[in-house]
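In listed order, ligands and their atoms are each counted from 1. It should be emphasised that the depicted structure is a prediction, and the values quoted were computed from it without experimental measurement.
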Amino acid sequence: MTDIAKLQSELTAAIEDADTLDALEAVRIAALGKQGSVSALLKTMGAMSPDERQVQGPIINGLRETIAAALAEKKAALETAALNARLNTERLDMTLPAPETPRGTVHPVSQVMDELAEIFADMGFAVAEGPEIEDQWHNFTALNMPETHPARAMHDTFYMTAADGEEPRVLRTHTSPVQIRTMTSQEPPIRIIAPGRVYRSDSDATHTPMFHQIEGLVIDKGIHLGHLKWTLETFLKAFFERDDVVLRLRPSYFPFTEPSVEVDVGYTMVNGKRVIGGNDGWMEVLGSGMVHRKVIEACGLDPDIWQGFAFGTGVDRLAMLKYGMDDLRAFFDGDNRWLKHYGFNALDVPTLSGGVGA
Ligand code: PHE
């Protein structure tokens, strides 16, 4: 074996044996460093005769290339091994608690609507919907408010701009048009509630131009005022989560119900605040009555066969009474502090068994 071949096998073995990056670097310096064995061979070429260089040159350069390649290969292998060793030993503890992040809340209006849907679902009521931009027939006419009817002016109505020759549509002033939409699209018996936004041109501490109502409608055979009273009593007791809720029914007037009944609930003063229950005083909570014959007729049903009752109430007002807010306008300000204080946890889904108040 020539000296060069011997050197190559020695270096190759040393590279093979190096088991750390430091050991490998030492081999590299010993071979290819300034004082290295391969470098020393390269230097001898300068003193060679051209013929000699022609023979020895490729051999010596070949040695250098082989060794450099072996060093690079081993270095890559050692680096991969070092990385794998680190990956195997270093760990991120994913069980540490995550930092507190800002969280949203469920708005009291949404919460109360969910509570109402839960209470009425238990009594067999489905949820119905109608458009917020409504035509005047559904919002007024079919509800026994013909064009000249003074009640039409009672609602401070927002009118839309109409196309030429068309009757302007309105932002619905109550959820009662959903009664009409349900009776004209569904066969009785009917049991629905219809929660949603309504609009009136009105604004102070207890009125906002947009607010929320919930409508109730029952159409069946032989329905009478007793059914209405029982339903409202059951609903209000479940909603306020008290058995001592007392109702007072007062004769009233709505064009679409006959007779019409306004319902008050009794309250007691506790630490200067009104609390539902008892009867120290009365607060009006909803409008209701037996559906007017003319309304049943307008929907294409025979009022001698089908009767029913309807009621409507303000969702925001119910929320204020139950959860103790006193300014309606704050409901729609989007103030994060208010939402944090009065909002509900998204996981507190109202259920009758758990208490709808969550
Ligand atoms: N729509 C009436 C209102 O907005 C409430 C109501 C609904 C009254 C159904 C009677 C029956 O004031």
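Remark: ligand 1 and Q213 share an N or O pair separated by less than 3.5 Å (distance only, no angle test). Here's the thing with Q179: none of its N/O atoms is less than 3.5 angstrom from an N/O atom of ligand 1. For the pair R200 and ligand 1, the shortest N or O to N or O distance falls below 3.5 Å.
A distance-only check finds no donor-acceptor pair linking the side chain of Q186 to the backbone of T184 [under 3.5 Å].
Ring geometry for H107 versus F332: interplanar angle under 30°, hence parallel rather than tilted (30 to 60°).
One hydrophobic cluster, built from ILVMFWY side chains closer than 4.5 Å, cannot hold both V178 and V127; they sit in different ones. When the side chains of ILVMFWY residues are joined at heavy-atom separations under 4.5 Å, either directly or via intervening members, L232 and I193 end up in a single hydrophobic cluster.
Residue contacts with ligand 1 for R172 are absent, since no atom lies close enough (heavy atoms, distance under 4.0 Å). Proximity of F311 to ligand 1, defined as any heavy-atom pair under 4.0 Å, is confined to the backbone N, CA, C and O atoms. Of all the heavy atoms of S176, the ones lying under 4.0 Å from any atom of ligand 1 belong exclusively to the side chain.
Each of the atoms 8 (C), 10 (C), 11 (C) of ligand 1 lies under 4.0 Å from some heavy atom of S288. The F256 neighbourhood of ligand 1 comprises atoms 1 (N), 2 (C), 6 (C), 7 (C), 8 (C), 9 (C), 10 (C), 11 (C), with distances under 4.0 Å to a heavy atom of that residue.
A salt bridge is defined here as a Lys NZ or Arg NE, NH1 or NH2 lying under 4.0 Å from an Asp or Glu carboxylate O, and K322 with E241 meets this definition. A salt bridge links R293 with D304; the closest basic N to acidic carboxylate O contact falls under 4.0 Å.
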